[in-house]
2 protein chains.
Amino acid sequence: MDSRHLHHFVALAETLHFGRAAARMNMSQPPFSRQISSIEKSLGVKLFERNSRNVTLTTAGEHFLHDSKAILAQFDAACRDVQLVANGMKGELKLGFMMHVANRVVPTLVRLYSEQRPDVRLILEERTPVDINEMLLEGALDAAITFAPLSAQHLRTISLTTDRLRLIVSAEHRLAGVESIRPSDLAGESLIAAPSHVAPTLRDAITGYCAAGGVPARFVLEPWLQHTIVRLVEEGLGIALIPEALCSETGPKVVSKPIVDSPEFEVALCAPLASRNPTVATLFDIAKAKRALFERR
Amino acid sequence: MDSRHLHHFVALAETLHFGRAAARMNMSQPPFSRQISSIEKSLGVKLFERNSRNVTLTTAGEHFLHDSKAILAQFDAACRDVQLVANGMKGELKLGFMMHVANRVVPTLVRLYSEQRPDVRLILEERTPVDINEMLLEGALDAAITFAPLSAQHLRTISLTTDRLRLIVSAEHRLAGVESIRPSDLAGESLIAAPSHVAPTLRDAITGYCAAGGVPARFVLEPWLQHTIVRLVEEGLGIALIPEALCSETGPKVVSKPIVDSPEFEVALCAPLASRNPTVATLFDIAKAKRALFERR
DNA sequence: CCATTCTATGCTCTCAAGGTATCGGTACTG
DNA sequence: CAGTACCGATACCTTGAGAGCATAGAATGG
């Protein structure tokens, strides 16, 4: 029994006529008759009641017709779907990102992608930069929006936007009134930043910026999430240098200030070069075509 | 593409080794390799990434594996089911009945049948005797519990029980005190009975009984349902001769009386002799084996 | 660099499956 | 009632899809 037999069976069940059913199967009646009886023999079940004048389905045949149609439909669907999956029109795409650098980029990219590939299920995974790198290596992510990596020989990378640091302080802080900030302004201040094993790019940028001004960075609190950092600054527990993209979301009790000669860091779309997931290509196509939408305003 | 190809594909997807997968399919490796590439060619999709050292599924292949397993499982299930249906272990059985003669018989038979054939869906159709006969002829019912038909050459019939007539009158009626009823007692009374085109057997029995006593039957009301008849008698609008089996369900305002020399009528299980529904046989087997359970107490 | 392992390919052969002709049975028709 | 048309089953022949064998070619490990 294989699916071609099912086609034969359905043809006969629908026409109730050996000759016409055989024609529909592009074959002559005698071998078609043999096919039908071989089906019945292999199932051990009589599917048709027949004599030389008319053909009718048995009760078992009626049930089998129902099942057969369902199976054939599913078969067709599977063959169509596998082609869609291969073309990246359907499937799953696991996209990692860091919201604190991508709060504008991710929603836009997701919207554009969903419009173009509605049958691809986007699985969004918000993680820390270090986690994202690891997951990209392991294949646990198909792509990610993160800081442009330094060593990218195993990654395909396309730059989406750049971000820079901005100072946030409590509204009561002495720096709240200063127009723009220089490294020397940070001398003696209590800094809040994510630890190096969570967001090395940011951490290095902050440390580097202080060092450039000859000021040693003094970190008093090291939460993992950027939103926590904002809250702690709000409470007056320290000051912080955070990505500009995040500053629009701070509350009224926090003041943000531009800093002079801020280091810039790239935010990029990355995917393993070895990725076999065909849905990824479109993501890069969109990133390239609509790059203007992601750029810093 | 047919289902044997799916088996090959699944074997390889599960072993990820051409030689072992071929062995599982009871064939040698070279033709197996050709089968796999013919699948890929006919789908136009690469399902495996392979070199001489290892074999892996592509993303499309993973999806297709999932679908293929589902299809093969459904295929197996369909082949098993069609055999169950042919053996009457599974399917549907449309059973017609008249509750007013079968209020004890139907629940018992249904219970016994459901215990023995849990996968057969019993579809119960409560109809008038004439409807039932018509539906049996048309094939709209697979079997029915009804009055034993007079002409049964096209029906298989097995007697389940017999019933007889009993008089019901309102508690205030002059016959309410009489011990047992003779035809002559009915002289001049207003009778209530279902019309002949609804329940000819009952109607004829009533008319015949009156005629035997030399009393013309005078029908004043002719509802279709036996329960309606009981209600009308309860309201004092007439008297009625109804099947004994129904009398236990009358309320306190109605009195039932045995009648002398009541005609008896058989209640039987009937099915078209030409019935092709294999579930019917078991129904008759039960009716025969458990006949004692259906007999009038 | 050789041995080993695994997939791909070339060649041969066989049998499953298709085609043609025809039989046997049934219903309609004049 | 004979004749005809139609339909499914059977007999026989034919062919090509698919199986096996031998082996090439590629990759890995010692």
Side-chain angles (χ1 to χ4, degrees), chain A residues 1-62 64-65 68 72 75 79 273-274 276, chain B residues 1-58 60-62 64-65 68 72 75 79 274 276:
Chain A
M1 277 294 296
D2 68 42
S3 65
R4 204 158 40 93
H5 292 319
L6 291 193
H7 269 115
H8 292 159
F9 166 71
V10 170
L12 181 56
E14 287 182 345
T15 60
L16 294 178
H17 188 291
F18 279 75
R20 281 189 276 278
R24 203 211 270 189
M25 292 290 101
N26 296 315
M27 62 194 284
S28 61
Q29 174 264 319
F32 184 82
S33 285
R34 281 195 296 263
Q35 287 288 353
I36 295 295
S37 40
S38 92
I39 295 171
E40 291 181 322
K41 194 179 168 192
S42 78
L43 287 176
V45 170
K46 204 168 188 186
L47 298 171
F48 296 97
E49 212 69 66
R50 53 190 179 277
N51 54 42
S52 61
R53 295 311 289 177
N54 49 21
V55 178
T56 55
L57 278 167
T58 62
T59 305
E62 280 171 19
F64 197 57
L65 174 60
S68 298
L72 291 177
F75 201 115
C79 293
L273 271 178
R276 292 172 301 101
Chain B
M1 276 295 295
D2 67 41
S3 63
R4 203 159 39 92
H5 292 320
L6 291 194
H7 268 116
H8 292 160
F9 166 70
V10 171
L12 181 57
E14 288 182 346
T15 61
L16 294 178
H17 187 289
F18 278 75
R20 279 188 278 279
R24 202 210 272 188
M25 292 290 102
N26 296 314
M27 61 194 286
S28 60
Q29 173 265 320
F32 183 83
S33 285
R34 279 194 292 263
Q35 286 288 353
I36 295 295
S37 40
S38 94
I39 295 171
E40 291 181 324
K41 193 180 168 191
S42 77
L43 287 176
V45 171
K46 203 167 189 186
L47 298 172
F48 296 97
E49 213 68 66
R50 54 191 179 276
N51 55 42
S52 61
R53 296 310 288 176
N54 50 19
V55 178
T56 54
L57 277 167
T58 61
E62 279 171 19
F64 197 56
L65 175 61
S68 296
L72 291 176
F75 202 116
C79 293
R276 294 171 299 103

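Every chain is numbered from 1, with letters handed out A, B, ... down the list of sequences.
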Within this structure, what is the [atom1]-to-[atom2] distance between [X] and [N], rounded to whole angstrom?
| X | N | atom1 | atom2 | answer |
| --- | --- | --- | --- | --- |
| A:M25 | C:dA17 | CE | C1' | 16 Å |
| B:F32 | C:dC6 | CZ | P | 15 Å |
| A:K41 | C:dA16 | NZ | P | 11 Å |
| B:M27 | C:dT7 | CE | P | 14 Å |
| B:E49 | C:dA8 | CD | P | 12 Å |
| A:D2 | C:dA16 | CG | P | 14 Å |

* With ring centroids as reference points, do B:F48 and B:F9 lie under 6.0 angstrom apart? ->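 B:F48 vs B:F9: aromatic centres under 6.0 Å.
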For a 4.5 angstrom cut-off between non-hydrogen side-chain atoms, does [X] reach [Y]?
| X | Y | value |
| --- | --- | --- |
| B:M1 | B:I39 | yes |
| B:V45 | B:F64 | no |
| B:F75 | B:L6 | no |

Any side-chain to backbone donor/acceptor pair from [X] onto [Y]? Under 3.5 Å, distance only.
| X | Y | value |
| --- | --- | --- |
| B:T58 | B:G61 | yes |
| B:E40 | B:L47 | yes |
| A:R276 | B:L57 | yes |

Identify whether any heavy atom of [X] sits under 4.0 Å from a base atom; if not, whether one sits that close to sugar-phosphate; answer base, sugar-phosphate or nothing.
| X | answer |
| --- | --- |
| B:N54 | nothing |
| A:Q35 | sugar-phosphate |
| B:R20 | nothing |

* Asked: Mapping A:R34 and B:F18 onto DNA chain C by nearest heavy atom, which one lands closer to the 5' end?
  -> B:F18
* On DNA chain C, check which nucleotide each of B:Q29 and A:H5 is closest to and give me the residue with the more 5' one. => B:Q29
* Using a cut-off of less than 4.0 Å, is there contact between a side-chain N or O of A:R53 and OP1 or OP2 of C:dC28? -> no
* Return no unless some side-chain N or O of A:S28 is found under 4.0 Å from OP1 or OP2 of C:dG19. =>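 Yes.
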* chain A on DNA chain D: first and last contacting nucleotide, 5' to 3', under 4.0 Å to a heavy atom? ->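 The contacted stretch runs from D:dC6 to D:dC12.
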* To do: Just compare C:dG18, C:dA8, C:dT7 and give me whichever is closest to any side-chain atom of B:H17.
  => C:dT7
